[in-house]
Amino acid sequence: MSHLPETDHIFFERAGLDRGRAQALLDDALAGADDGELFLEYRQSEALSWDDGRLKSASFDTSQGFGLRSIAGEAAGYAHASDLSEAALRRAADTVKAVHAGHSGTLQAAPPGTNQQLYTSENPLNAIPFEDKVQVLSAIDAFLRDRDERIRQVSASLLGSWQAVQILRAGGERSADIRPLVRLNVSVVLQDGERLESGSAGAGGRFVFDRLLQEEDWQALALEALRQAEVNLGSVDTPAGEMPVVLGPGWPGVLLHEAVGHGLEGDFNRKRTSTFSDRIGEQVASKGVTIVDDGTIADRRGSLTVDDEGTPSGRNVLIEDGILIGYMQDRQNARLMGMKPTGNGRRQSYAHIPMPRMTNTYMLNGSHSREEILASVKNGLYAVNFGGGQVDITSGKFTFSCTEAYLIEDGKVGRPVKGATLIGNGPEVMNRVTMVGNDMALDKGIGTCGKNGQGVPVGVGQPSMLVSAITVGGTAT
């Protein structure tokens, strides 16, 4: 049996749902199907927002429910409800049976078991009193305002959740997970004359709040937000055109996530709508580029002990030394493609059907120092932090806005620039990587990935790297 933290008291004893009856209904609902599961979820979440010197909002929410799925070939039937009762489950079972009516499938074997535990099961919402959380937000505001008289606005927020899940399969196999998640965000607006500029910083992961709310930790985030705002106050217009771009370590891996990662998810490749479709074994990036998706890193925001289908998460090599090795798979797409599930079946909640999604996606180290990479560029752009971006999976084309970037002038980091936008094509950019750094870093635990209307927490990362040419959209006239 898979890793099974104690969740029966949540879904059966407290909710009043009989486990034996639930299993019998599930077995009957999936008779003749190729695959499927009953996903049970209980979630508590909390959000506190500080703005303009006061607590602006505070919320606490509890939700629970189930999602029942039946799979027959490429078709999937899905029904969900917030009512954990036998009557609701029976109605859902009658609904999903329709998708495999007349189908005589052989039920896919359950995922292998695991005893790994990647994060605490402690509820972060209960670990620190509410008043102490408010006090930290107030202290952040006071700390920043005392440091710089140019500050016009300080915003800070705390978000936390505690999610318990149990996945039941036909035949009695079960897996479960208890997932904490916390995040602290700080943003600052500075004014110099008539010019206003902002900076922000955040951190989080699958642990309790005490790892964010120690004085040295929140002060470091506050100072980072202030530093970014100060940099932006001194920024100049960005020159436009195609030029060499050095991407910094850590959070710039979000470009990798969007421009390459989504194109390596199994559903897009099974349907042949990805620019990476049918290219396993081919050179899709420069030599020296190795990209992995790893859901097994302890305490990381994107990590999962088991995914939302019950498959243990793994460390999956996607591109190795520039060669496409494999895709990220859920159970359905893996079966249809003749491949193995990789532990990437994820869903936003019980009300959403699972699909292939990233966990923590990053590029491995190369051999060059950051100083060596920068020194090799006579004139170009050094992109350190990114904001929003978008990508077309079919073509691989992307657009990303930089929130912190600098000119590279004669091999040295020069003036900060504002309004820089990177425009390119994911596979083309990966083939233009000419130097990979030895300073790989993961982001601070702030990523959320959207796909088909669903959002899930993810991680990104990379070392510094040089792309020989990317089109830069600028503000200089």
Side-chain angles (χ1 to χ4, degrees), residues 5-11 13-15 41-65 82 117-147 151 153-165 176-188 200-226 298-305 349 443-448 455-457 459:
E6 179 48 52
T7 56
D8 280 1
H9 67 288
I10 297 174
F11 299 117
E13 297 165 15
R14 187 172 65 190
E41 179 190 21
Y42 175 83
R43 185 194 300 260
Q44 294 180 343
S45 57
E46 182 181 54
L48 289 76
S49 175
W50 183 278
D51 196 13
D52 290 330
R54 60 185 177 85
L55 186 65
K56 186 176 182 179
S57 65
S59 63
F60 180 87
D61 180 65
T62 300
S63 62
Q64 65 178 18
S82 59
Q117 181 64 39
L118 300 174
Y119 30 77
T120 180
S121 60
E122 185 179 357
N123 189 337
L125 279 59
N126 299 332
I128 294 178
F130 177 83
E131 295 78 8
D132 291 357
K133 298 170 191 172
V134 175
Q135 178 56 42
V136 168
L137 296 178
S138 175
I140 291 172
D141 182 275
F143 173 76
L144 284 168
R145 292 183 186 278
D146 285 346
R147 294 192 69 87
I151 285 181
Q153 184 178 25
V154 175
S155 301
S157 62
L158 277 172
L159 301 98
S161 67
W162 185 82
Q163 179 196 33
V165 303
D177 199 12
I178 294 178
R179 304 165 178 168
L181 190 67
V182 296
R183 178 173 167 176
L184 170 62
N185 303 311
V186 181
S187 63
V188 175
S200 62
R206 293 199 180 279
F207 40 78
V208 294
F209 276 122
D210 58 359
R211 284 177 54 177
L212 290 177
L213 302 188
Q214 300 297 319
E215 187 173 87
E216 61 271 22
D217 296 321
W218 63 253
Q219 284 188 359
L221 282 181
L223 291 173
E224 173 60 16
L226 180 59
D299 300 336
R300 293 297 306 179
R301 181 174 171 85
S303 295
L304 296 168
T305 299
S349 76
D443 76 288
K444 298 294 185 181
I446 59 174
T448 298
V456 296

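Values below: every heavy atom of this structure, side chains too, minus hydrogens, waters and symmetry copies.
Here the closest heavy-atom approach between residue L144 and residue L226 is recorded as CD2-CB, 4.0 Å. When all heavy atoms of T62 and Q44 are compared, the closest pair comes out as OG1-CG, 3.9 Å. The two residues A201 and L221 make their nearest non-hydrogen contact at CB-O, 3.5 Å. When every heavy atom of A164 is checked against every heavy atom of I10, the shortest pair comes out as CB-CD1, 3.8 Å. In terms of heavy-atom proximity, D51 sits nearest to Q153 at OD1-NE2, 3.0 Å. Nearest heavy atoms, G160 versus L125: C-CD1, 3.6 Å.
Judged as a salt bridge (charged side-chain N to carboxylate O under 4.0 Å, His left out), and not counting sequence neighbours, the contacts of R43 are E41. Judged as a side chain to side chain contact (heavy atoms under 4.5 Å, CB included), and not counting sequence neighbours, the contacts of S82 are Y350. Remark: S49 pairs with K56, S57 by the side chain to side chain contact (heavy atoms under 4.5 Å, CB included) rule, at least two apart or across chains. Not a single salt bridge (charged side-chain N to carboxylate O under 4.0 Å, His left out) links D132 to another residue, sequence neighbours left out. Remark: F143 pairs with W218 by the ring pair (Phe, Tyr, Trp, His ring centres under 6.0 Å) rule, at least two apart or across chains.
In this structure, the side chains of R179 and L118 stay at 4.5 Å or more apart for every pair of heavy atoms. Between D61 and S59, every side-chain heavy-atom pair lies at or beyond the 4.5 Å cut-off.
In terms of modelled atom types and a separation under 3.5 Å, the side chain of E6 and the main chain of D8 share a donor-acceptor contact. Using a distance-only test at 3.5 Å, with no hydrogens or angles considered, a donor-acceptor pair links the side chain of Y119 to the main chain of T305. The backbone N or O of G447 lies less than 3.5 Å from a partner atom in the side chain of R301, making a donor-acceptor pair.
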Would you please test V154 and R145 for side-chain contact (heavy atoms from CB on, under 4.5 Å) and show each step? CA-CA 8 Å; V154 175; R145 292 183 186 278; 4.2 Å; yes
Under 3.5 Å, side-chain donor or acceptor atoms of residues 204-215 against the rest of the protein: list the pairs with distances, not counting sequence neighbours.
from: R206; atom 1: NE; to: S303; atom 2: O; distance (Å): 2.8
from: R206; atom 1: NH1; to: P180; atom 2: O; distance (Å): 3.2
from: R211; atom 1: NH1; to: D299; atom 2: OD2; distance (Å): 2.9
from: Q214; atom 1: NE2; to: D210; atom 2: O; distance (Å): 3.4

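Atom CG of D141 and atom CH2 of W50 lie 6.0 Å apart (nearest 0.5 Å). Taking CG of L223 as the start and CZ of R147 as the end, the distance is 5.0 Å to the nearest 0.5 Å. Interatomic distance, CD1 of I128 versus CG of L158, reported as 8.5 Å (0.5 Å rounding). With values rounded to the nearest 0.5 angstrom, F60 atom CZ is found 11.5 Å from L48 atom CG. Note that the OG1 atom of T7 and the CZ atom of R14 stand 11.0 Å from one another [nearest 0.5 Å]. Remark: S161 OG to N123 CG distance equals 9.0 Å, nearest 0.5 Å.
A salt bridge does not link K444 with E224: none of the charged nitrogens is closer than 4.0 Å to a carboxylate oxygen.
Of the listed residues (N126, V182, I178), just one forms a side chain to side chain contact (heavy atoms under 4.5 Å, CB included) with W162, and that residue is I178.
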